[in-house]
Number of protein chains: 2
Amino acid sequence: MTEVKRTGQHVRSRLSRARVLQTAVAVADQGGIGALTIRTLAQELGVKPMSVYYYVLNKEAILDGIVDNVFSEIVLPRVGADWRAEMRRRAHSVRTVLGRHSWAIGLLESRPRPGPATLRHHDAVLGTLRSAGFSREMTAHAYALIDSFSYGFALQEASLPFEAQHIVADGSEPDATLFTDDQYPHMAAMVSEHYVQPGYRFSDEFDFGLNLILDALDATLSVD
Amino acid sequence: MTEVKRTGQHVRSRLSRARVLQTAVAVADQGGIGALTIRTLAQELGVKPMSVYYYVLNKEAILDGIVDNVFSEIVLPRVGADWRAEMRRRAHSVRTVLGRHSWAIGLLESRPRPGPATLRHHDAVLGTLRSAGFSREMTAHAYALIDSFSYGFALQEASLPFEAQHIVADGSEPDATLFTDDQYPHMAAMVSEHYVQPGYRFSDEFDFGLNLILDALDATLSVD
DNA sequence: TTCCGCTTTCGTACTATGTATGGTAACGTC
DNA sequence: GACGTTACCATACATAGTACGAAAGCGGAA
């Protein structure tokens with residue numbers, strides 16, 4: 001199970017906080033956050049359960065840690081560069097990363113203590129907006145708005161009841177009964193006439209919303 | 001503990017799916033979602049643990065159910081009425097309700113099967129937008145945008161690291177070290193010069209973002 | 001009243017999980 | 001080689017969800 005080690009030299013498989021967190025992310029990615037238990041984590045690490053407690057205080061600390069790990073995957077906007085391009089790049093990164101680790105979205109609500117990567121991230125966003133000429137007030141506005149949209153979009157994507165896959169892959173219409181139901185006429189109409197239409201992908205809504213927001217924010221800059 | 005019952009008449013405390021879910025919401029509101037266990041729930045219902053399984057398939061079903069219960073608290077937009085007023089009213093309701101039951105935000109990600117209240121809700125939103133004159137395409141855009149913002153804002157509020165309470169009530173500055181740190185200069189500046197300033201409340205950002213979004217959506221209507 | 005069958009509630013017990021407590025093994029240093 | 005420090009682990013306990021099947025309450029039929 002463990003690796004060979006030579007005099008004073010560990011060849012591999014040395015535990016560390018970083019390895020614990022990385023592996024925890026991998027486990028959650030694979031089986032959802034519910035699959036992340038101390039025991040599965042230890043197994044994946046090739047180690048016995050109690051060993052992980054040498055590197056982490058408790059499971060809560062692991063959750064805090066992996067959320068911060070996820071944040072570290074998000075691309076940092078470059079302070080001083082064109083703010084729209086940077087904000088767009090970052091927003092797309094948020095969506096991609098939170099899509100890859102959708103369990104992290106659910107963890108956000110209940111984790112009020114940000115880690116270093118999270119702070120570094122926020123710092124870069126604020127810096128980019130400020131250096132673009134936004135006032136402190138407008139920076140706060142823009143920051144809350146862009147993040148709300150990005151997180152909320154990721155949250156919606158994670159909980160989508162119908163996905164292209166379902167609809168296409170599933171021979172039988174998926175819960176069509178639910179939507180075709182007369183109880184929800186507008187929904188039924190939108191689903192049949194728009195959402196399930198060939199070209200439609202919910203993910204495309206991201207760019208629409210983001211552009212609308214960035215345009216409107218941009219407008220406040222030139223007025224100012 | 002249980003109530004008196006007369007011949008054929010139960011005076012109170014009869015279990016039911018509705019009562020189970022209501023109580024579950026109450027328990028989660030009080031102690032967080034972590035406090036919601038079958039045993040605490042049963043206790044609160046004045047019943048033994050296994051009794052709740054007569055009304056619910058399993059704990060997952062309870063979680064699905066309470067999320068739908070939360071949605072039922074959100075005010076429905078009135079189809080046909082002034083869409084901006086209705087959307088604003090609904091968005092505020094979303095924020096209020098999700099603020100009251102912030103554990104529900106974390107549950108959303110992982111619960112792709114909406115309940116009846118949720119569907120009714122979405123139906124009303126879609127109907128309101130459609131009857132306001134938005135095309136199907138624009139309705140889909142607007143719907144995704146408004147909801148992303150609302151959910152995301154609630155999510156951010158739930159995970160705010162600094163709250164007026166903390167800052168005011170806590171004699172000792174709360175983790176001021178974190179923010180004053182030179183590592184995060186822009187953040188430190190924004191915190192000290194804006195966020196902790198007397199008049200500032202994060203919750204006010206909601207109206208800014210919402211107005212910006214509604215204005216921009218409105219503009220597409222008149223152009224059309 | 002007694003019996004019966006249905007609905008509702010519960011007792012017991014098994015498995016999984018987080019983790020407290022205190023080992024034990026490995027390793028660098030003298 | 002002895003020893004303190006670091007890294008890992010064995011055991012055990014409290015708490016979780018819930019399978020399984022029994023019991024208790026009820027309305028009506030006999």
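Chain letters run A, B, ... following the sequence lines, proteins first and then strands; every chain starts at 1.
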K59(B) NZ to dT17(C) P, straight-line distance once rounded to whole Å: 14 Å

Whichever of R39(A) and K48(A) has its nearest DNA chain D nucleotide further upstream toward 5': K48(A)

Rounded distance (Å) that lies between atom C1' of dT18(D) and atom CD1 of I62(B): 11 Å

Smallest separation among heavy atoms of R14(A) and R19(A), with atom names: O-NE, 2.8 Å

Atom-pair distance (CD on Q43(A); P on dC9(D)), nearest Å: 12 Å

Rounded distance (Å) that lies between atom P of dT6(D) and atom CZ of R17(A): 18 Å

Presence of Y55(A) side-chain N/O under 4.0 Å of dC8(D) phosphate oxygens OP1/OP2: yes

Length of the line joining L57(B):CG and dA19(D):C1', which is rounded to integer Å: 12 Å

Nearest-0.5 Å distance that lies between atom CG in L119(A) and atom CE in M187(B): 5.5 Å

Expected output: side-chain H121(B) to main-chain A117(B) donor-acceptor under 3.5 Å: no

For atom OH of Y54(B) and atom P of dT18(D), their distance in whole Å: 19 Å

Atom-pair distance (CG on L36(B); P on dA16(D)), nearest Å: 11 Å

Nucleotide dG18(C), atom C1' - distance to CG of L63(A) in whole Å: 12 Å

Per Y53(A) side chain, nearest of listed nucleotides dC10(C), dT19(C), dA16(D): dT19(C)

S51(B) side-chain N/O to dT8(C) phosphate OP1/OP2 under 4.0 Å: no

Considering all heavy atoms, the nearest L98(A)-A104(A) contact: CD2-CB, 4.4 Å

Nucleotide of dT21(C), dG18(C), dA7(D) approaching M50(A) most closely (side-chain heavy atoms): dT21(C)

